[in-house]
There are 2 protein chains.
Amino acid sequence: MLLPRNTSSILALRTHVQQFTPLTDAEWQGLEPHLREMTLGRKQLFAEEGKRANLVGFVLQGSLRQFYTRDGDEKTTYFYFENNLVADYISCLTKQPGLLTLETLEETRLLVFNYDVLERLCGEFPAWNTFARKIAEYIAIGLEMRLVEHLMYSPEERYNLLIKSNKTRILERIPQQYIASYLGMTPVSLSRIRNRLARSA
Amino acid sequence: MLLPRNTSSILALRTHVQQFTPLTDAEWQGLEPHLREMTLGRKQLFAEEGKRANLVGFVLQGSLRQFYTRDGDEKTTYFYFENNLVADYISCLTKQPGLLTLETLEETRLLVFNYDVLERLCGEFPAWNTFARKIAEYIAIGLEMRLVEHLMYSPEERYNLLIKSNKTRILERIPQQYIASYLGMTPVSLSRIRNRLARSA
DNA sequence: TGTGGCTCTTTACAAATGTTAAGAAATGTG
DNA sequence: CACATTTCTTAACATTTGTAAAGAGCCACA
């Protein structure tokens, strides 16, 4: 479902982009005409396993989860909330069919554009190229930290790290089964760990 | 230990860089004057935990491992071989003290340059900015796949995936205790898994 | 507001990995 | 080439997590 564009939404995205690198009005105008609003109901798909992704979204309201499927079993690996960009980044980069699915957790409103527009802007404007570089660097740092957490800490320690982190949105808004998956354990195991912690506290 | 520069080494690096994006001679000359050769003996450090990193290396000969330390316990998370770039990427990007250590596994010869040179080139030449972007994207893709492997597969399955992968250099050249760490398990556990596999084969 | 479905917890049991320690094997170094 | 060191294997035991199943609690939606 596509809606007309909204000025304050567009400003929110521009502000987000400019947290990575400054943009002149002219540079911004390279992207703005390609933006459109989209609203998805609960449990609808923003990207689907097996399909080549070319859509980037900026979450205005709502949330999504990212999961990989194996033998019909879903492994949730990431969550997206307001004021963040969401995409099957790997499929956009490689132009290969995606391995993951992006599903809304609630009714979600997004500002969207096609990844190939950004790719074209990277060739036309150094500023957009720098933005794309900074985004990639930001993603790489996040992934490295997350991988290290898995290599260095036990499931119970990872849950404690999540509690002490500033990712409270995850704990507040995400069903526990998905948090368990995100932390690399089963829902049963997370329930046990929570029980242990509650008793000792 | 620094040695005079060597033409074929420099060509090897240029070839590697150009696998990410094409460069004119003029663009390449932005980097070349800043290259120098370095040779490290076995078990010497290329980057050290707690120190801010600013060095990028291109491995000409030899290999390194990357590890994080926790309570005196080392967790090896990555290996670097010939014809690959090595750096404490996060420390270079964030300009914060590094969390990891890079140690040679054998006598290693590298071509090195300072990261801030590359950063400057990103501002001067769009081609170098694109190179930095492609590198970041390449790293992000690798990290995402590695994280997913940990979230979706058991230690034994991860060992099987490593065997079936094209990362044979790891299995051939890396001590098993480090491979175990890389796979997120103890050396004892890896030895057991190998034993099980050998019996069933 | 009631009802069906989804989510979380709890239990018992199975399976895998972690821990510790000792010995065998391999490797690096003088 | 031989010794010292490091690495790998094996074993026994402890701990943790996974699995399956049942019930309680909560939420969404009609």
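As a basis for the values below, the full set of heavy atoms in this structure was taken, side chains included, without hydrogen atoms, waters or symmetry mates. Lettering follows sequence order; numbering is per chain, from 1.
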Atom pair distance, as rounded to whole Å: [atom1] in [X] and [atom2] in [N]:
X	N	atom1	atom2	value
A:Lys43	D:dC27	NZ	P	15 Å
A:Leu190	D:dT19	CG	P	15 Å
A:Arg194	C:dT10	CZ	C1'	14 Å
B:Glu103	D:dT6	CD	C1'	13 Å

4.5 Å side-chain heavy-atom contact, [X] and [Y]:
X	Y	value
A:Glu106	A:Ser63	yes
B:Glu49	B:Tyr68	no
B:Thr15	B:Asn83	no

Verify the neighbour count for atom [atom1] of [X]: are there more than 12 heavy atoms of other residues, nucleotides or ligands below 6.0 Å?
X	atom1	result
B:Lys95	NZ	yes
B:Phe81	CZ	yes
B:Gln18	CD	yes
A:Gln44	CD	yes

Checking [X] side chain against [Y] main chain: does a donor-acceptor pair fall under 3.5 Å?
X	Y	result
A:Thr104	A:Gly41	yes
B:Arg14	B:Leu23	yes
A:Ser181	A:Thr76	yes
B:Arg158	B:Leu183	yes

Pairs in or reaching into residues 130-172 of chain B: which pass ring pair (Phe, Tyr, Trp, His ring centres under 6.0 Å), with residues at least two apart or in two chains? B:Phe20-B:Phe131, B:Phe20-B:Tyr138, B:Trp128-B:Phe131
Output the distance between atom NE2 (A:His34) and atom CG (A:Leu111), rounded to the nearest 0.5 Å. 13.5 Å
Measuring from atom CZ of A:Arg194 to atom CD1 of A:Ile163, what distance do you get when rounded to the nearest 0.5 angstrom? 7.5 Å
Does a nitrogen or oxygen in the side chain of B:Arg196 sit under 4.0 Å from OP1 or OP2 of D:dT10? no
OP1 or OP2 of D:dT10 under 4.0 Å from side-chain N/O of B:Asn195: yes
Ignoring hydrogens and angles, state whether a donor on the side chain of A:Gln66 or A:Thr77 is under 3.5 Å from an acceptor on the partner side chain. yes
Considering only heavy atoms, which members of residues 73-82 of chain A lie under 4.0 Å from some atom of DNA chain C? none
Please list residues of residues 145-161 of chain B whose heavy atoms come under 4.0 Å from any atom in DNA chain C, ordered by number; otherwise none. B:Pro155, B:Glu156
Members of residues 172-180 of chain B that approach DNA chain D, where some heavy atom sits under 4.0 Å away: B:Pro175, B:Gln176, B:Gln177, B:Tyr178
Readout for nucleotides 19-30 of chain C: B = base within 4.0 Å of protein heavy atom, S = sugar-phosphate only, - = neither; 5' to 3' it is BB-------S--
Closest to the side chain of B:Met185, out of D:dT10, C:dG18, C:dT7, is C:dG18
When you measure from the centre of the six-membered ring of B:Tyr182, is the NZ or CZ of B:Arg65 under 6.0 Å away and within 45° of the axis? no
Considering the terminal five base pairs at each end of the helix from C:dT1-D:dA30 to C:dG30-D:dC1, what angle separates the two local helix axes, rounded to 10°? 60°
